[in-house]
Amino acid sequence: MKLLLQDVLFYIPLYQLTFLTPLPKENTYFETVSTTIPDQWFESPTLLLLDTDEECLKLSNKKFVNQLIQDSNLIGIILCHRHEIHIQEDCLLLLSECKVPLVIAEEPLSISDLLEVKKRHHAFSLLSIELNGFMNKGFMQIAENLSTALETPFLFFDENDQLLWQIGSEEEIEKVLQWLQSDGHEKGKTNNPNRLLPVPYADMGMDEPYEQYMMNIAGQVQLSLVTLANLTEWQGKILDKFIGLSALFFQTEEIIRTQREQMKEHFIYDLLYHKFESKKVLIKQAKTWGWNLEKPHHLFVIDVALSDEWMMNLEWMDEMIVYLENHLSDLNDQIILFSFQDQIVVLLKDDENRNPSNRKSFVFEKAAMIEKELSSHWSGCQFHIGIGKWCQDSVNLNKSYQEAKMALQFGKVWLENHRVFHINDLGIFNLIIHLHKEILYDFCEEYLPSLIESDKKLGTEYLKTLKAYFQYQGNVNEVSEALYIHPNTLRNRLKKIEDMTGVYLQNNVDLLNLMVAVKIHYSMSY
């Protein structure tokens, strides 16, 4: 009996499938099902259904993978395994390059289940099960998965053609945005409520046209999904299934709001941890939330040490952001505030022509104003602000974010009487802290192990003494006053430190090395 692989997969609930390689566009039929990888080639078109450790592990063995990719009768592979399956990257790449469909099915399947799956999963009564699984797995994860299977970018837009979320290469995304802005896109609209026809190739000057699928959410909100337009009939079927489930998924206003927040979180994560290669895409996505990132910005991070009375208030961060938005009304068109990983991130527009010194003074003034505003209203809390370097191009905000965190980490240890720290305050340590932690640890080990051990076992406070010594630039009276000890006690302690480390504080090279080691130690252990 001949069965179509794509049909079989269509009738398995979408949330149960994970596509590790793309599915072929052409219809792919199989006649037999095998649960083992044989030593020889298959005699007829065969689907592999693997459900044991032994057989699944073979897919990480190049000997078996090379055999499979050369077998013209291998139609595809479905893995039905209860445990997480890891396939070596080079083996997975071989299967993908040779267009071997490789799919994971979350629920166990037998040969009889596979042959009868079309009959069993045809009823609309299972729609609620499909939707429940869809919601549990997450819209974005299923969308990414399906994009892999169909080999097409997915771009989601709101009713104003604002980009909400995208899957695909920067080049693909740019082409879609170009298509959306073209006259041909508007001319391609039809009376069909589900899709817009693609623009002709020649009109766009592109090799690949696109298609826009509309999602009407309870007659109130209209989202759209843009994909490649050259999808085959079975690809269209599975895409229609996905769109129908997506529309149900976004049915209520609360779910839509939550989804937009998730997309916002996804965008913020990309903004702060990845460098957007396309400034155009970044700017367009940011406009979804009313953010204008076309101009240069400063970025600073506000770290909050909560008082006991605020510890139990789960809404403290939202309240602080709302408070700042209301009390910084004169900066509303210049400032963007949002929460991220228990800190408040601030983007401050600065497109004025300033020299570096004036630019630093400008952002310092605004950050200090914000710290003062927060401290006056939440008197029991402590606020520290770290500032990264000014970003002329918003795609570099991820670098400024890391710099702001470094400024915070260093400043809270070495500039204890301050509340606002700029990355430039770190001086040479701005370079050193970019080194791998192992290198920094090894450097500390050359100078500090005897002091650390003595402080730990005997309570000698040698490291604390050195820290104060460097903070007060070796002024004995100021250091002894800060440590509440007699100057002679300090001198004796410093002599003991010299004896234990073999470092002489009057030697400029030794002094610099010890200072660097101590500063690294405190910064890494904070």
Fill in: Within 45° cone of Y29 ring axis and under 6.0 Å: K2 NZ or CZ
yes
Discussion item. Does either side chain, that of D303 or that of H384, offer a donor lying less than 3.5 Å from an acceptor on the other one?
Written reply: no
Worksheet item: Under 4.5 Å between any side-chain heavy atoms of N398 and Y401, yes or no?
Response: no
Item to complete: Sequence neighbours left out, what passes side-chain hydrogen bond (donor to acceptor under 3.5 Å, both in side chains) with T232? Give chain and number order.
Response: W234, Q235
Practice prompt. List for me each residue that meets ring pair (Phe, Tyr, Trp, His ring centres under 6.0 Å) alongside F267, sequence neighbours excluded, and say none if there are none.
Written response: F276, W289
Fill in: Donor-acceptor contact present, side-chain T288 to main-chain Q162, <3.5 Å
no
Worksheet item: Got a sec: does the CD of E89 have more than 12 other heavy atoms crowding it under 6.0 Å?
Response: no
Worksheet item: Checking side chain to side chain contact (heavy atoms under 4.5 Å, CB included) for the pair L299/V346: CA distance, chi angles, key distance, verdict?
Response: CA-CA 6 Å; L299 182 148; V346 182; over 6 Å; no
Discussion item. Less than 6.0 angstrom from the centroid, inside 45 degrees of the normal: does K237 satisfy that with respect to the ring of F10?
Written reply: yes
Fill in: side chain to side chain contact (heavy atoms under 4.5 Å, CB included) evaluation trace for L225 with L239
CA-CA 10 Å; L225 165 66; L239 190 59; 4.0 Å; yes
Worksheet entry | Contact summary for S394 and L271, nearest pair of heavy atoms | O-CD1, 4.4 Å
Worksheet item: Looking only at heavy atoms, which two atoms of F19 and N145 are closest? And how far apart?
Response: N-OD1, 2.7 Å
Worksheet item: Which residue pairs pass the salt bridge (Lys or Arg N to Asp or Glu O under 4.0 Å) test with at least one member in residues 221-231, sequence neighbours excluded?
Response: none
Item to complete: Given ring pair (Phe, Tyr, Trp, His ring centres under 6.0 Å), test Y213 with F156 step by step and report yes or no.
Response: CA-CA 10 Å; Y213 296 81; F156 298 89; over 10 Å; no
Discussion item. Is it true that T32 and T46 share a donor-acceptor pair across their side chains at a distance under 3.5 Å?
Written reply: yes
Discussion item. Restricting to ring pair (Phe, Tyr, Trp, His ring centres under 6.0 Å), what partner residues turn up for H86, sequence neighbours left out?
Written reply: none
Worksheet entry | Interatomic spacing from CD1 in I387 to CG in N424 - rounded to 0.5 Å | 10.0 Å
Worksheet entry | Side chain proximity check, R354 to W390, heavy atoms < 4.5 angstrom | no
Name each donor-acceptor pair under 3.5 Å that joins a side chain in residues 334-342 to protein atoms two or more places apart or in another chain, with its distance.
from	atom 1	to	atom 2	distance (Å)
Q341	OE1	Y273	OH	3.4

Discussion item. Strictly distance-based, threshold 3.5 Å: is any side-chain N or O of N396 a donor or acceptor partner for the main-chain N or O of K399?
Written reply: no
Worksheet item: Tell me, do L94 and L68 make a side-chain contact under 4.5 Å, heavy atoms counted?
Response: no
Practice prompt. Look only at the side chain of S44 and the backbone of E31, and say whether a donor-acceptor pair between them is shorter than 3.5 Å.
Written response: no
Discussion item. Test your reading of the model: is there a side-chain donor-acceptor pair from T28 to the backbone of I75, 3.5 Å cut-off?
Written reply: no
Worksheet item: Does P153 reach the side chain of Q166, with side-chain heavy atoms less than 4.5 Å apart?
Response: no
Discussion item. Please evaluate residues Y323 and E373 with respect to the criterion side chain to side chain contact (heavy atoms under 4.5 Å, CB included), reporting the C-alpha separation (whole Å), side-chain torsions for both, the decisive distance (0.1 Å), and the verdict.
Written reply: CA-CA 9 Å; Y323 176 83; E373 194 71 56; 3.0 Å; yes
Worksheet entry | Backbone N/O of S400 and side chain of K389: donor-acceptor pair under 3.5 Å | no
Item to complete: List for me each residue that meets side-chain hydrogen bond (donor to acceptor under 3.5 Å, both in side chains) alongside Q402, sequence neighbours excluded, and say none if there are none.
Response: none
Fill in: Pair F249-F134, ring pair (Phe, Tyr, Trp, His ring centres under 6.0 Å): steps then yes or no
CA-CA 8 Å; F249 177 69; F134 194 97; 5.6 Å; yes
Worksheet entry | Closest non-hydrogen atom pair between I423 and G388, with its separation | CG2-C, 3.9 Å
Discussion item. Taking the basic N atoms (NZ, or NE/NH1/NH2) and the acidic carboxylate oxygens, is any pair closer than 4.0 Å for E294 and K287?
Written reply: yes
Worksheet item: Checking side chain to side chain contact (heavy atoms under 4.5 Å, CB included) for the pair F300/V363: CA distance, chi angles, key distance, verdict?
Response: CA-CA 9 Å; F300 45 95; V363 69; 3.9 Å; yes
Fill in: N73 side chain to F42 backbone, donor-acceptor under 3.5 Å
yes
Response to the item:
For M369 and L328 the tightest heavy-atom approach is CE-CD2, 3.8 Å
Worksheet item: Between H274 (side chain) and L272 (backbone), is there a donor-acceptor pair under 3.5 Å?
Response: no
Item to complete: Specify the closest pair of heavy atoms between D158 and L223, including all atoms of both residues, with the distance to one decimal.
Response: CA-CD2, 4.0 Å
Worksheet entry | Any side-chain donor near an acceptor of the partner, S224 and Q212, under 3.5 Å | yes
Item to complete: Measure across I37 and E55 and return the closest heavy-atom pair with its distance rounded to 0.1 Å.
Response: N-OE1, 2.8 Å
Worksheet item: Do L324 and I370 touch side chain to side chain, with heavy atoms closer than 4.5 Å?
Response: yes
Discussion item. For a 4.5 angstrom cut-off between non-hydrogen side-chain atoms, does L180 reach L163?
Written reply: no
Discussion item. Strictly below 4.0 Å, N to O, side chains only: are K25 and E151 in salt-bridge contact?
Written reply: no
Discussion item. Determine whether a donor-acceptor pair (N or O, by modelled atom type, separation under 3.5 Å) exists between the side chain of T36 and the backbone of P38.
Written reply: no
Practice prompt. State whether the side chain of T21 and the backbone N or O of V100 hold a donor-acceptor pair below 3.5 Å, judged by distance alone.
Written response: yes
Worksheet entry | Pair K175 + E172: basic N to acidic O under 4.0 Å | no
Worksheet item: Does a salt bridge link E170 with K279, judged by any charged N lying under 4.0 Å from a carboxylate O?
Response: no
Worksheet item: Looking only at atom types and distance, does a side-chain atom of S96 sit under 3.5 Å from a main-chain N or O of L92, one as donor and one as acceptor?
Response: no
Worksheet entry | Atom pair CD (E352) and CZ (F362), whose distance is rounded to the nearest 0.5 Å | 7.5 Å
Fill in: D90 and K62, any side-chain heavy atoms less than 4.5 Å apart
yes
Discussion item. Would you say CD of E325 has more than 12 non-hydrogen atoms from neighbouring residues, nucleotides or ligands within 6.0 angstrom?
Written reply: yes
Practice prompt. Kindly indicate whether the side chain of L102, heavy atoms from C-beta on, has any atom under 4.5 Å from the side chain of L59.
Written response: yes
Worksheet item: Above 12 or not: heavy atoms from other molecules or residues under 6.0 Å from CG of D39?
Response: no
